[in-house]
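The model shown is predicted, which means the values in this text are computed figures rather than measured ones. Letters A, B, ... are given to chains in the order of the sequence lines, protein chains preceding strands, and every chain is numbered from 1.
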2 protein chains.
Amino acid sequence: MPATPTTAPTAHPAPPTGAAASRQHTLRERNLSLVASAVYEATTPPSRADVAAATGLTRATVSTLVDRLVAGGLLAELPPVVAQRAGRPAVPLQPARRTLVGLGLEVNVDYLGVRALDLVGDVVAERVVTGSLHDSDPGEVLARLRGLAAGAIAELEGAGMRVAGARLALPGLVDARGARLEVAPNLGWSSVEPVPVLDLRAGDGSPLDVEVANEAKLAALAELAGDVPSSFLYVSGDVGVGAGIVVDRQLFLGQRGWNGEIGHVVVDPAGPRCSCGATGCLEQYAGKEVLLRGAGLPASAPVHAVVDLLRDGDDAALATVQRAGRALGSALATFVNLVDVSTIVLGGTYAELFGWVGHVVAGVVEERALAAPFAPVDVRPAAAGPHAALTGGAREVLRAVVADPAVWV
Amino acid sequence: MPATPTTAPTAHPAPPTGAAASRQHTLRERNLSLVASAVYEATTPPSRADVAAATGLTRATVSTLVDRLVAGGLLAELPPVVAQRAGRPAVPLQPARRTLVGLGLEVNVDYLGVRALDLVGDVVAERVVTGSLHDSDPGEVLARLRGLAAGAIAELEGAGMRVAGARLALPGLVDARGARLEVAPNLGWSSVEPVPVLDLRAGDGSPLDVEVANEAKLAALAELAGDVPSSFLYVSGDVGVGAGIVVDRQLFLGQRGWNGEIGHVVVDPAGPRCSCGATGCLEQYAGKEVLLRGAGLPASAPVHAVVDLLRDGDDAALATVQRAGRALGSALATFVNLVDVSTIVLGGTYAELFGWVGHVVAGVVEERALAAPFAPVDVRPAAAGPHAALTGGAREVLRAVVADPAVWV
DNA sequence: GACGTTTTGTTGTATGGCTGAACTATTGCG
DNA sequence: CGCAATAGTTCAGCCATACAACAAAACGTC
């Protein structure tokens with residue numbers, strides 16, 4: 001720019017505005033990513049010709065790109081299927097198995113764990129340890145997590161796989177660069193930089209790419225593995241209530257990745273006081289501990305205990321869950337009005353209680369969402385299993401690989 | 001020369017299968033856009049060498065690209081300034097004046113109008129007609145707007161300018177393609193397709209690229225002309241209350257562009273009934289007509305009348321405005337928690353009343369926004385003048401031109 | 001005021017990556 | 001068995017950029 005602040009005149013300084021110049025090399029990187037994505041996102045293993053048709057590239061170009069990806073261990077050729085039509089049989093392509101893996105890490109209030117996924121989505125390693133981490137010591141907990149992760153990495157590399165990186169899910173506010181946890185109220189952590197503490201390394205000693213992210217956001221990404229629309233809202237119900245916004249299969253993060261804090265939406269200004277200082281926050285109606293206590297159970301009981309009470313037709317449990325459903329519905333209607341998505345995925349606690357809260361939430365949302373008459377809002381339970389954030393974190397690493405495969409070939 | 005309908009990505013969500021193959025031609029288009037943007041966004045007219053340094057391209061490449069843009073009427077060379085240092089003096093580059101223009105159109109409750117901006121941001125044509133359009137007939141009103149626009153287009157083309165396209169701002173829900181207005185409660189319109197009704201054409205008869213968008217969102221874009229951070233929330237206070245979310249200088253639209261409907265956020269479930277069917281919506285506390293009536297004025301009075309009362313220390317006006325400020329603050333805190341931005345720009349009615357509502361809003365937001373302790377929320381009045389959506393619409397057209405200049409050279 | 005220095009902008013020539021068309025490979029079908 | 005159909009490969013051509021040398025237009029300095 002004209003008055004370039006501090007640019008050295010000699011070297012190749014990165015452009016300040018983020019948009020980089022396109023050279024021929026850029027072109028190849030983009031098309032490499034395009035081809036990788038086409039294979040990665042296809043429902044049936046496509047041939048080179050299929051990829052060419054899907055991307056608009058010529059078969060010649062696709063061939064060279066595919067060859068490179070196969071050599072780099074990102075794609076694999078399957079044995080040619082017996083064709084039922086004329087012509088040379090196609091060679092189906094698939095993401096490679098057991099070559100590159102992504103690591104999902106998580107520290108949450110009730111457990112900590114590691115999960116590794118390869119490019120086809122298979123879980124190739126997993127270690128989960130349960131136990132309360134309420135008001136725990138970050139250094140001590142992260143050291144334990146480091147142990148779990150190091151074990152998994154050693155096991156994976158022993159089996160000939162490369163670890164592409166890791167994502168650490170935490171139930172709190174994480175800064176923009178994915179380096180620093182500002183605060184996680186339910187863990188009792190604040191101002192923690194977990195990456196250097198974890199200090200994860202590959203077998204050859206080279207440091208692993210590790211980034212921290214919010215738990216609800218990574219859990220949202222786990223849903224993308226299943227049959228879900230390209231835009232949705234994921235609500236993670238636990239002790240706190242968080243959310244992830246996915247638009248066009250991509251996380252929307254806002255300015256600093258601190259969006260989706262639905263737990264502190266005002267449900268009723270005259271409601272009970274919340275730990276955040278305000279009154280009538282959603283968490284005071286639909287937080288896990290409030291739900292448990294409302295059903296007459298200790299705050300540390302498993303959610304399944306509430307389900308048992310509901311099955312028995314317990315009045316207190318039913319009333320509490322309905323009250324929570326109405327509050328959640330009201331908050332979600334606000335969310336839908338402000339963010340505009342037509343699918344809401346209820347995860348965590350709410351997935352378990354879906355049979356009892358689902359229709360209550362859907363009813364209130366339908367009533368208050370402005371766009372509902374034109375596009376009804378679909379409320380559904382989460383499809384990803386337990387510890388969804390682990391899967392989401394691992395998937396996120398692999399997504400980054402597919403989005404920029406040049407580094408790995 | 002003809003106003004070719006552009007396929008450039010506009011303010012609306014891209015189709016799902018976005019990524020296209022990159023060929024050499026793509027490369028040139030991208031770099032052309034990069035160079036155009038560099039000049040367009042620079043604070044001081046940069047030289048070719050400055051642009052090369054900023055983009056990372058070589059001076060040779062920048063030269064050929066700039067030459068093409070100059071020939072196409074997107075850039076202009078300024079007379080070389082007398083250099084105060086050694087070396088051949090640089091030729092400063094600027095967006096071209098009076099060559100390509102963007103058209104902003106608007107139909108709102110109190111007025112309709114047209115405004116044309118050229119690439120340097122000068123207003124080169126304007127026609128605004130005031131008068132109530134409450135419960136008006138779409139066909140009749142759009143015919144009047146068509147007259148205004150056609151007059152402006154003829155005037156501009158008479159002066160040798162090309163019209164690149166137009167954006168029509170409407171106070172309601174607009175569909176994803178920017179073609180159809182679903183509903184605009186305060187106009188009493190629903191299910192309108194304004195583009196064929198307007199049927200705007202260039203002098204040679206070729207159809208103009210016209211897209212419809214929400215008024216608050218286009219008004220938000222108008223703020224980008226001034227000194228505003230790259231991410232902010234714009235709130236447009238009028239009869240209804242809408243908002244635009246800008247992240248990284250780009251509108252965030254959600255799945256279908258229906259986000260930001262803050263007017264129907266629940267402030268108090270026990271509050272008054274709203275026209276949308278629910279109770280206690282923000283609009284019932286901070287809508288323009290509620291404000292006016294609360295101050296003892298007729299609903300059709302200008303906002304300035306309230307300012308006069310406030311200056312005189314009128315108790316009813318003061319109480320009403322403070323109540324509105326608290327409600328708005330509460331809704332905005334929710335917004336900030338859900339979307340994560342640290343700057344709130346108050347526009348429309350609230351810009352005029354800023355001296356009285358600003359600190360009230362800021363106080364409530366600071367209290368309820370979860371991230372406030374780490375990053376205080378800045379609440380400020382809008383900088384763009386009246387009818388901001390007109391400016392925003394025109395700017396949006398020009399942004400699309402700069403983002404894909406290949407069509408216009 | 002001639003000359004070296006510095007910075008800008010403009011020539012060439014080289015190179016990398018994609019296209020398009022021709023070619024080979026492998027099947028089904030009559 | 002020959003032909004049509006489809007998949008994948010080879011190779012010349014093209015296009016946009018990089019790189020390097022050069023021309024242009026200032027300043028500084030003795």
Categorize Ser22(A) for me: base, sugar-phosphate, or nothing, with a 4.0 angstrom heavy-atom threshold over every strand shown.
sugar-phosphate
Atom CG of Leu27(A) and atom P of dC14(D) are separated, to the nearest Å, by 19 Å
Arg28(A) CZ to dG17(C) C1', in whole Å, measures 6 Å
Of the listed nucleotides dA7(D), dG28(C), dT7(C), the one nearest the side chain of Ala49(A):
dA7(D)
Pair Arg23(A) + Glu29(A), salt bridge at N-O below 4.0 Å:
no
Between dA16(D) (C1') and Leu34(B) (CG): distance, integer Å:
14 Å
Calculate the interatomic distance between Gln24(A) atom CD and dG13(D) atom C1'; express it in whole Å.
15 Å
Interatomic distance, Asn31(B) CG vs dA16(D) P [rounded to whole Å]
11 Å
Do you know which two heavy atoms are closest between Leu398(A) and Leu117(A), and how far apart they sit?
CD1-O, 3.5 Å
Would you mind classifying the nucleic acid contact of Val62(B) as base, sugar-phosphate or nothing, using non-hydrogen atoms under 4.0 angstrom?
nothing
Looking at the side chain of His25(B), which of dT26(C), dA16(D), dA18(D) is the nearest nucleotide?
dA16(D)
Looking only at side-chain atoms of Leu65(B), point me to the closest of dC27(D), dT17(D), dA18(D).
dT17(D)
Output the rounded distance in Å from CG (Leu78(B)) to P (dT8(C)).
16 Å
Rounded to whole Å, CZ of Arg23(B) lies from P of dC18(C) at a distance of 11 Å
Any carboxylate oxygen within less than 4.0 angstrom of a Lys/Arg side-chain nitrogen, looking at Glu77(A) and Arg48(A)?
yes
Hey, does the side-chain of Arg88(B) have a donor or acceptor N/O within less than 3.5 Å of a partner on the base of dT8(C)?
yes
Of Pro92(B) and Leu32(A), the one whose closest DNA chain C nucleotide lies more 5'
Pro92(B)
Any donor-acceptor pair under 3.5 Å linking the side-chain atoms of Thr64(A) with those of Asp67(A)?
no
Would you classify Arg59(A) as touching base, sugar-phosphate or nothing, given that sugar-phosphate means primed atoms plus P, OP1 and OP2, and contacts are heavy atoms under 4.0 Å?
base
If each of Thr64(A) and Arg68(B) is mapped to the nucleotide of DNA chain D with the nearest heavy atom, which maps nearer the 5' terminus, i.e. the 5' end?
Thr64(A)
Is there a side-chain contact between Thr58(B) and the phosphate of dT17(D), meaning an N or O under 4.0 Å from OP1 or OP2?
no
Taking only the side-chain nitrogens and oxygens of Ser63(B), find out if one of them lies under 4.0 Å from OP1 or OP2 of dT10(C).
yes
Does atom CD of Gln250(A) have more than 12 heavy-atom neighbours from other groups under 6.0 Å away?
no
Using a cut-off of 4.0 Å on non-hydrogen atoms, how would the nucleic acid contact of Ala60(A) be classed: base, sugar-phosphate, or nothing?
base
Which is true for Ser47(A) with a 4.0 Å heavy-atom rule: it touches a base, it touches only sugar-phosphate, or it touches nothing?
sugar-phosphate
Are any of the side-chain nitrogens in Arg98(B) or Asp118(B) under 4.0 Å away from the carboxylate oxygens of its partner?
yes
Take atom CG of Asp67(A) and atom C1' of dT10(D), then tell me their distance rounded to the nearest Å.
13 Å
